[in-house]
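Here the structure is laid out as structure tokens; the discussion comes afterwards.
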Amino acid sequence: QVQLVESGGGLVQPGGSLRLSCAASGSFFSINFMGWYRQAPGKQRELVATITNGGVTNYADSVKGRFTISRAKTTVNLQMNSLKPEDTAVYYCNLASGMNYWGKGTLVTVSS
């Protein structure tokens, strides 16, 4: 059974920073990529950033230049800087390895 456990969410003021982490455990085939998605209230889940086994990254236009994804083996991190109120959402960790696996999510609230 594959488990993804996210941490690092919370409340931050606009312009602030947060770092999300996700640790994967369990039995799975080789990882194709890991990433972060988010879902704001009343909206569909959307891609934030992904990183492949080879370190190739992909970002949503809305977070380019502000967020940085990194990975070490089965842990993926998301450094979020210059946060905006519109970044408020539940952030989900994703692992693609033949099948798609999801964490339970961690809430990020950007508000003054």
Side-chain angles (χ1 to χ4, degrees):
Q1 184 176 357
V2 176
Q3 259 196 324
L4 301 178
V5 179
E6 302 109 333
S7 61
L11 173 64
V12 64
Q13 291 187 342
S17 297
L18 280 176
R19 182 177 176 85
L20 304 183
S21 292
C22 171
S25 62
S27 178
F28 43 81
F29 294 110
S30 61
I31 298 173
N32 294 327
F33 60 85
M34 295 185 75
W36 291 93
Y37 290 71
R38 68 186 181 187
Q39 187 166 16
K43 295 188 176 182
Q44 289 189 331
R45 190 174 298 189
E46 63 177 5
L47 178 146
V48 176
T50 59
I51 183 167
T52 69
N53 260 347
V56 176
T57 58
N58 180 45
Y59 294 94
D61 287 344
S62 59
V63 307
K64 282 180 182 176
R66 299 188 298 121
F67 291 11
T68 303
I69 190 170
S70 61
R71 183 186 148 193
K73 294 187 179 180
T74 57
T75 298
V76 64
N77 302 306
L78 186 69
Q79 178 66 41
M80 305 186 293
N81 298 328
S82 303
L83 282 160
K84 304 175 181 180
E86 50 264 43
D87 295 318
T88 295
V90 178
Y91 284 70
Y92 296 92
C93 178
N94 173 258
L95 185 156
S97 170
M99 291 180 60
N100 252 332
Y101 300 97
W102 295 93
K104 292 183 178 180
T106 184
L107 178 63
V108 172
T109 303
V110 185
S111 175
S112 54

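Here, residue 1 is the first one in the sequence, and each next residue gets the next number.
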Distance from [X] atom [atom1] to [Y] atom [atom2], nearest 0.5 Å?
X	Y	atom1	atom2	result
Leu83	Phe67	CG	CZ	5.0 Å
Leu4	Thr75	CG	OG1	10.5 Å
Gln13	Ser111	CD	OG	8.5 Å
Gln79	Ile69	CD	CD1	12.0 Å

Full working for side-chain contact (heavy atoms from CB on, under 4.5 Å) between Asp87 and Met80
CA-CA 10 Å; Asp87 295 318; Met80 305 186 293; over 6 Å; no
Backbone N/O of [Y] and side chain of [X]: donor-acceptor pair under 3.5 Å:
X	Y	value
Glu6	Lys104	yes
Asn53	Ile31	yes
Asn81	Gly16	no
Ser97	Ser30	yes
Tyr92	Gln39	no

Please determine whether the number of non-hydrogen atoms from other residues, nucleotides or ligands lying under 6.0 Å from atom CD of Gln44 exceeds 12.
no
So, using side-chain hydrogen bond (donor to acceptor under 3.5 Å, both in side chains) as the criterion, who are the partners of Ser25 when residues are at least two apart?
none
Should side-chain heavy atoms under 4.5 Å link Ile, Leu, Val, Met, Phe, Trp and Tyr, which residues sit in the same cluster as Leu11?
none
Is there a chain of hydrophobic side chains (I, L, V, M, F, W, Y, each step under 4.5 Å between heavy atoms) that links [X] to [Y]?
X	Y	result
Val48	Leu107	no
Val110	Tyr37	no
Met34	Trp102	no
Val56	Phe33	no
Leu78	Val12	yes

Any salt bridge between Asp61 and Lys64, counting N to O under 4.0 Å?
yes
Report the residue from Thr106, Thr88, Leu47, Val63 that forms a side chain to side chain contact (heavy atoms under 4.5 Å, CB included) with Arg38.
Val63
Return the set of residues passing side-chain contact (heavy atoms from CB on, under 4.5 Å) with Ser112 (not counting sequence neighbours), or none when no residue passes.
Pro14
